Amino acid sequence: MGFQKIVVPEGGEKITVNADNTLNVPSNPIIPFIEGDGIGVDVTPAMKIAIDAAVQKAYNGERKIHWMEVYAGEKATQVYDPDTWLPEETLEAVKDYVVSIKGPLTTPVGGGIRSLNVALRQKLDLYTCLRPVRWFEGVPSPVKKPADVDMVIFRENSEDIYAGIEWKAGTAEADKVIKFLREEMGVTNIRFPENCGIGVKPVSVEGTKRLVRQALQYAVDNDRESVTLVHKGNIMKFTEGSFKDWGYELAKEEFGAELLDGGPWMQFKNPKSGKTIVVKDVIADAMLQQILLRPAEYDVIATLNLNGDYLSDALAAEVGGIGIAPGANLADAVAMFEATHGTAPKYAGQDKVNPGSLILSAEMMLRHMGWVEAADLVLKGMEKAISKGEVTYDFHRLMDDAKLLKCSEFGQAVADNM
Ligand SMILES: NC(=O)C1=CN([C@@H]2O[C@H](COP(=O)(O)OP(=O)(O)OC[C@H]3O[C@@H](n4cnc5c(N)ncnc54)[C@H](OP(=O)(O)O)[C@@H]3O)[C@@H](O)[C@H]2O)C=CC1
Ligand SMILES: O=C(O)CCC(=O)C(=O)O
Ligand SMILES: [Mg+2]
């Protein structure tokens, strides 16, 4: 494939996909990366230091990642032209090379371009946002028992209000939609119809079921105890409420779940371990208190896009903050790994922030590639560096007697402690 600006590294090969979506990973895979805006310039190089060291140590030079920079966000506007935020060839490369990783990208609030992060997920149909949340020994936490927080969020990544179907108050488009709603749909309860922005929230049975299927399968494969459907179905009956109903329906249809004590909770036997997996649901606002008060009762979570966004940051806070919260955006074959945090512009270029989130996202990527020995070394390096009190500013400000490291130094500390 001929690219305009992307330079394909020499000596690397593509990861390919089999008919059953398993990967063929060569020993010299080319991995596209988006550096990211803001603190992307800090965390992405630190991530590469830690990951290259883990691969070198695990495989003694027999395996090596060939990083290939692809562009999005502000850097794309510099490399291509001022109006190109998400070049077509970036999308092609991410699809063609199958496994990639990205730093955060800026989205202006209120106006300007729509989220490039959301656009990447939608254009590549990366419908699962997978965000595991666990505590590392020694990480400062605002809760009494952070070790009880061990949850894996499956956030629906392609629907909900993130579809970006909305019209600004006072525009002809908003007025037209409001007129339609009032005159043709009999809507009488738009409080201020003269000056009202309108948003649309699509939630489908297909979108829900493919996400919940991933969450249930994850619970089976990883011998987890429960899957909780988190929704606001009491208020948004035909979107969030249907998500809950379709989730239970899928559990029954495809995993053989049966009602537990008359329902609505369900349960089924894990075909691999024989243990019971409970499928339950919690309303989203109550869930935000549950994760603080009774975290040990929650395990795998399946939820809609906005709930998942809120829950990700709230849960991350319980185990040290979004500086250490990893994630992945997954389609059936294509996978793009990505930190949970944003561009933190006030820290951009200061070599200050925690690269842990992107390093742990890359750890997930190595595991996804089947490079588990290297992934284990990343965890070991991270755990040891933190337990020695070698940390970035976010942990340092909450710890006594810790050593303050720069972003790049923490990447090196992970490498040195493997
Ligand atoms: N996937 C993506 O690319 C995402 C992009 N964004 C975008 O990022 C921009 C900024 O968003 P904002 O709401 O400020 O959220 P951010 O996640 O960028 O930052 C919020 C706060 O979180 C803490 N934080 C974030 N990253 C780190 C890190 N690596 N290490 C330590 N602490 C960290 C900082 O806290 P403190 O001030 O306490 O030190 C920071 O001020 C927006 O344009 C938003 O749209 C947001 C989320 C995800
Ligand atoms: O796209 C954005 O700017 C924000 C996305 C976000 O907060 C997330 O995915 O967690
Ligand atoms: Mg978020």
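In each ligand, atom 1 is the first atom listed, and ligand 1 is the first ligand listed. Predicted model, so just to flag it, every value in this text is computed and none were measured. Residue numbers count from 1 along this sequence.
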**OP:** Measure I322 to ligand 1 on non-hydrogen atoms and call it side chain, backbone, both or neither using the 4.0 Å cut-off.
**Re:** side chain
**OP:** Indicate whether atom 13 (O) of ligand 1 is within a distance of less than 4.0 angstrom of some protein heavy atom.
**Re:** no
**OP:** Quick one: look at T107 and ligand 1, take heavy-atom pairs under 4.0 Å, and tell me if it's side chain, backbone, both or neither.
**Re:** both
Original post:
Which residue owns the protein heavy atom closest to atom 10 (O) of ligand 2, what's the atom, and how far is it?
Top reply: D309 OD1, 2.9 Å
**OP:** Please work out whether any backbone atom (N, CA, C, O) or any side-chain heavy atom from C-beta onward of I39 is under 4.0 Å from ligand 1, and answer side chain, backbone, both or neither.
**Re:** side chain
Subject >> Side chain, backbone, both or neither: D394 near ligand 1, heavy atoms under 4.0 Å >> reply: side chain
**OP:** Taking only heavy atoms of N117 into account, list the atoms of ligand 2 that are under 4.0 Å away from them.
**Re:** 1 (O), 2 (C), 3 (O)
Original post:
Which protein N, O or S atoms lie under 2.8 Å from the Mg ion (ligand 3), given by chain and residue number?
Top reply: D309 OD1
Side-chain donor/acceptor pairs under 3.5 Å, residues 410-418, sequence neighbours excluded:
{"from": "Q412", "atom 1": "NE2", "to": "D416", "atom 2": "OD1", "distance (Å)": "2.9"}
{"from": "N417", "atom 1": "OD1", "to": "K388", "atom 2": "NZ", "distance (Å)": "2.6"}
{"from": "N417", "atom 1": "ND2", "to": "A413", "atom 2": "O", "distance (Å)": "2.7"}

**OP:** For ligand 1, indicate whether the residue R397 contacts it via side chain, backbone, both or neither (heavy-atom separation under 4.0 Å).
**Re:** side chain
Original post:
What about L105: any of its N or O atoms under 3.5 Å from an N or O on ligand 1?
Top reply: yes
Original post:
Protein heavy-atom contact under 4.0 Å for atom 26 (N) of ligand 1?
Top reply: yes
Subject >> For ligand 2, the portion of E338 having any non-hydrogen atom under 4.0 Å away >> reply: neither
Original post:
Is R294 salt-bridged to E297, going by a charged N under 4.0 Å from an acidic O?
Top reply: yes
Original post:
Are any of the side-chain nitrogens in E249 or K209 under 4.0 Å away from the carboxylate oxygens of its partner?
Top reply: yes
**OP:** State if R114 counts as touching ligand 2 under the rule of any non-hydrogen atom under 4.0 Å.
**Re:** no
Subject >> E240 with K232: basic N within carboxylate O range, under 4.0 Å >> reply: no
Original post:
Can R131 be said to touch ligand 2, with heavy atoms closer than 4.0 Å?
Top reply: yes
Original post:
Of all the non-hydrogen atoms in the protein, which one sits nearest to atom 1 (O) of ligand 2, and at what distance?
Top reply: S115 OG, 2.5 Å
**OP:** Please confirm whether K75 makes a cation-pi placement over Y80, using NZ or CZ under 6.0 Å from the six-membered ring centre and within 45° of the ring normal.
**Re:** no
